[in-house]
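One structure is given below, encoded as structure tokens.
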Amino acid sequence: MSSASPVTRSPALYGRDAEKDVLRQLLHDARGRRGGAAVLLGGPGTGKSAMLGFAVDQADGFVVLRTRGVESEAGLPYAGLHGLLRPVVNLLPALPPAQAEVLTRALEVGAAGVGLALPAAVLNLLAAAGQPVLVCVDDIHRLDVPSREALLFVARRLADERIVLLFGAHDGGAAPEGISGIRLGSLGQDACRRLVDDLAPAGLSEELRASLIEIARGNPLALGELVGSLDPAQVAGTAAPPGMLPPGGRLWRAYADQLAWLPEETGDMLLLLAADPDLDTITLVRAADRRCALTMLEPAERAGVIVHGAEDRYDFREPAMRPVVYFEASLARRRAAHRLLAGVLDHDHQRLRRAWHRAAALDGPGEQLAEELAAAAAVGSHGGYPAPSLAFERAAELTSRGDVKAACLAAAAIRAWHAGLPQRARSLLTRLRSLTVSEGARGQAELIRGSLELRSGKTDNARDELLAAAGWLLDRDRGQAVRALLRASEASYLAGDNSRFLVIARQAAALRRPDDPAATQLMFEYLAGTAATFQGRHREAADPLHRVLRLAPSVRDPSVLVWAGIASLLLGDDIQALRLSARAVETARVRRAVSTVPQVLELMIQAEIWTGRYASVAANAVEGLRLAQEAGQLNSAGQHLAWLALTAAVEGDEETCRIRAGSAIELAGAHGLGITGALGNWALAHLDLAAGRHASAAKRLRATARADGTNGHLVVRVMATPHFVEASVRTGEHEQARAALQVLDRWVSSTRSPDRLALAARCHALLAAPGEAEERFRDALDLHQRGLCEFETARTQLLFGSALRRNRRPGAAREHLHGALETFERSGARLWIEQARAELRGAGEAIRSPGPRTAEKLTAQQLQIARIVADGATNREVAAQLYLSPRTVEHHLRNIFTKLDIRSRVELVRLLS
């Protein structure tokens, strides 16, 4: 039984598990005559109506009564009760005559007098239904006052009744006295992503998804309306993502209705805040030119429209309301607000903001405003409002000169790309195509297109576009032309196409000039040193690579610092590579060069791999993967997935390793990423080696020797050589192992890196005769002592101990095996722990269960999952955070419960607290 008032339903209430549990419990208790009430508090679009709909769906066997407050009926006494109780007026004869009479008068003529008779009659009418009752009242803040007071009276007297009262109310404060409040806050990232996946067409880019989530700020209605507003060009990635809520949508109208009640002078102040998100209170008062300016904001504060935040600023409580305030104002009022703001922004560091407001106010000739805005944007703003890309775009709209328009659009596209907004950059380039542009502007556009393809498309397409860009730029901007060549060589590097890399390096060498600036010189030296390295001429490579490092301190560009970091790795200086990568990350973040951070993290991870810092590798790869996905950089995301697969292999987490490596290898095949495919295969080979599957490991690593754009890559092949030699020796393929070792030897002998020399010595020990092997192993351990990588030291100890045991020297073997076991246990390397224990048992030592503490019973991956689950995350939220499948998380959680001998999440929380 129900009223005719509909309740909005949601097919999937993501991120509301705790709230749904509360509603289920209320219904459960009511069935046992323990009634209750709750008010769902939330802003427009947060899902109050959907949660009421969920309660209705769960109310099997209940009489369901529903209504909602309507603004136009708020002045009609008892209109709310009339809408709610009409389906059960047939129960009026069951009430005492006086209560029946007063309730009938209220429902028929809107008058009931004062006292308890009416609210008591409502309570008794609901109790007379003969079965449990669910009452849902949406928008109770819009209900007429007598109806609201009667229902709140009932809600506080349900302890012994089979009745549940649920109210939906605007989040303007606390719940009514005596009634529980359920506050519907913003949805988390995982819930937002799942909601977008439900609503959006397939193939939505990660950048567009992230943009929608950023605008919606966790509001489910906002997400739904934003997805519904997408046009085919936006879905395809050729047009810029939306910048705000759809004007005229439900949420827009809800915000506009809320603003309509505010005084006009308050609206003027809000318009100033909306016109400049960086406006501080002092500047706001100056712009308003009124001493009572802050007093005029008080109605907006009381209404919950704004809050006084950090740094003495007023912020909109709901960020999505800012464009509503702005665009609901007339054009004349908006221009007046911008003119006021331009007049008070008089400091040099406010130059870009002042130019922006003058342009928005049309405070001068269009050409003059465009020139002023472009000049201010060119100086740059490393944060704050407006973004330089938007400033250049606005300048392009103000000018009628084709060459200036093209230059501004190209500059806007570059800034959008650097800010990690490739879809916006592509849309700007599309607009640029329709213009007649100079050769220089065309070269800049091709450079951006090639850079976008380099990070998200096919490597061969990127190489060709970047080479074309270099040709367009060569006679107009040598520095950018050289940069285009460097990126073309990077495309060949990512593909594993060494021959094309060398051709590009020769092209670049012919362009060198003695008066080139430091950054350009560094690029030339990097190409020369890397090309010589790839040809095996390591001594020849040393001089240009060292010159790269001497030039690095004078360079501030994070992309150029990445190339300097690679030079450090080629020279075997991991510490220097870590320093340069840390500096590059800091510089990129200060400059808001979001698009560069994932590549810098790739460099940092390579240095950490050589030093065995796998926990740090995992943390940086998770961040790199997130940033790459948000910026639409699929190729970088593939590398980070492969590094995560390698860390899972080290931990012995077979299922996670296979999932991540499989995804990386699949992406590598689609995009021609030889390095990513090789890294994925290396991760799987490491896993095979740790599990004792030597033939499978050798087969996988042989694949990294192929330069077919899928599995082949020289750098990864060299890095994986110690694993390949070990697997090949175990399978009797000594000649292949020796051939691979020759390549490794030529490189490590030129680096003077103890860690790399130790790995080569270990390989020689594995290939040596029994008498010579022991000496080689001891040389390797001596070198390890001077190096940084504890994990590879343990791997050498394990192999040495195993050799000593087979040579019937168990006592000597145990010393090294114990050292290996301790390191593996600290690293949580489960499969390597098992190998070390098996060798110790073979050496005659009885290995007992170590009886670890709670945390030590789990692998690093399991402990990470356990902690996140203990914090209240669902399996899907854990999966999203750690880039696993929900099924894998469920598998891990079962193993965690088994290891810890517990049965529920509650016990897990208690155990880890």
Side-chain angles (χ1 to χ4, degrees), residues 533 538 542 568-578 605-614 616-617 646 649-650 682 685-686 689-690 697 701 715-730 734 737-804 812-813 815-824 826-827 829 832 835-836 839:
T533 299
H538 302 291
S568 297
L569 290 175
L570 294 177
L571 289 168
D573 191 345
D574 303 318
I575 297 301
Q576 178 73 346
L578 287 170
I605 286 168
Q606 282 198 53
E608 289 169 339
I609 289 289
W610 281 112
T611 55
R613 303 177 185 184
Y614 290 107
S616 184
V617 168
L646 188 61
V650 170
W682 183 21
H686 186 122
L689 201 61
L701 291 172
V715 170
V716 180
R717 188 193 342 163
V718 173
M719 292 179 74
T721 294
H723 294 82
F724 179 61
V725 169
E726 182 178 344
S728 297
V729 168
R730 294 295 183 95
H734 292 76
R738 287 191 178 92
L741 181 53
Q742 285 180 357
V743 178
L744 178 66
D745 272 336
R746 283 196 296 271
W747 175 48
V748 301
S749 62
S750 70
T751 66
R752 299 181 183 176
S753 162
D755 288 306
R756 289 160 178 74
L757 291 166
L759 292 175
R762 184 175 84 198
C763 292
H764 281 286
L766 289 170
L767 286 163
E772 182 188 353
E774 183 171 340
E775 181 181 350
R776 293 280 196 168
F777 273 123
R778 293 195 187 281
D779 288 344
L781 290 174
D782 287 343
L783 288 163
H784 277 306
Q785 293 303 311
R786 304 205 301 270
L788 300 170
C789 188
E790 286 189 357
F791 190 84
E792 289 302 329
T793 302
R795 294 263 292 107
T796 300
Q797 289 174 317
L798 175 62
L799 289 166
F800 189 19
S802 176
L804 290 169
E815 175 188 350
H816 297 291
L817 294 172
H818 274 297
L821 179 59
E822 289 172 9
T823 300
F824 293 148
R826 283 197 303 273
S827 303
W832 293 114
Q835 280 203 33
E839 289 290 344

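Just so we're clear, the structure is a prediction, and the values are computed from it rather than from any experiment.
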Test item: Ser750 side-chain N/O and Trp747 main-chain N/O as donor-acceptor pair under 3.5 Å: yes

Inter-residue atom distance Leu804.CG - Glu815.CD, 0.5 Å rounding: 9.0 Å

Nearest atoms (heavy-atom pairs only) where Leu798 meets Ala820: N-CB, 3.9 Å

Residue pair Trp610 / Leu578, side-chain heavy-atom distance below 4.5 Å: no

Nearest-0.5 Å distance that lies between atom CZ in Arg778 and atom CD in Glu774: 4.5 Å

Distance in Å, Glu822 CD paired with Leu817 CG, rounded so as to fall on 0.5 Å steps: 11.5 Å

Interatomic spacing from SG in Cys789 to CG in Asp574 - rounded to 0.5 Å: 9.0 Å

Between CG on residue Leu571 and OG1 on residue Thr533, distance to nearest 0.5 Å: 7.5 Å

4.5 Å side-chain heavy-atom contact, Leu569 and Met719: no

Glu790: partners by salt bridge (Lys or Arg N to Asp or Glu O under 4.0 Å), with sequence neighbours left out: Arg826

Nearest atoms (heavy-atom pairs only) where Ala697 meets Ala727: CB-CB, 4.0 Å

Check: residues 760-773 side-chain donor-acceptor pairs under 3.5 Å, at least two apart:
residue: Arg762; atom: NH1; partner: Glu792; partner atom: O; Å: 3.3
residue: Arg762; atom: NH1; partner: Glu792; partner atom: OE1; Å: 3.0
residue: Arg762; atom: NH1; partner: Thr796; partner atom: OG1; Å: 3.1
residue: Arg762; atom: NH2; partner: Glu792; partner atom: OE1; Å: 3.1
residue: His764; atom: NE2; partner: Asp745; partner atom: OD1; Å: 3.2
residue: His764; atom: NE2; partner: Asp745; partner atom: OD2; Å: 2.7
residue: Glu772; atom: OE2; partner: Arg776; partner atom: NE; Å: 3.1
residue: Glu772; atom: OE2; partner: Arg776; partner atom: NH2; Å: 3.3

Side-chain donor/acceptor of Thr751 to backbone N/O of Ser753, under 3.5 Å: yes

Ser802 side chain to Leu799 backbone, donor-acceptor under 3.5 Å: no

Student check: side-chain heavy atoms of Ile575 and Leu788 closer than 4.5 Å: yes

Approximate separation, where rounding is to 0.5 Å, of His784 NE2 and Leu757 CG: 10.5 Å

Val729 vs His734 side-chain heavy atoms within contact, under 4.5 Å: yes

Nearest non-hydrogen partners of Ala737 and Ser728, listed with the distance: CB-CB, 3.9 Å

Side chain proximity check, Trp832 to Arg795, heavy atoms < 4.5 angstrom: yes

Qualifying residues under ring pair (Phe, Tyr, Trp, His ring centres under 6.0 Å), relative to Phe800, sequence neighbours excluded: Phe777, His816

Within-4.5 Å side-chain heavy-atom neighbours: Leu701 and Glu726: no

Plane angle bin for His686 and His723 - parallel if under 30°, tilted between 30 and 60°, otherwise perpendicular: tilted

Side-chain heavy atoms of Ile609 within contact of Tyr614, under 4.5 Å: yes

Short side-chain donor-acceptor distance under 3.5 Å, Ser616 and Arg613: no

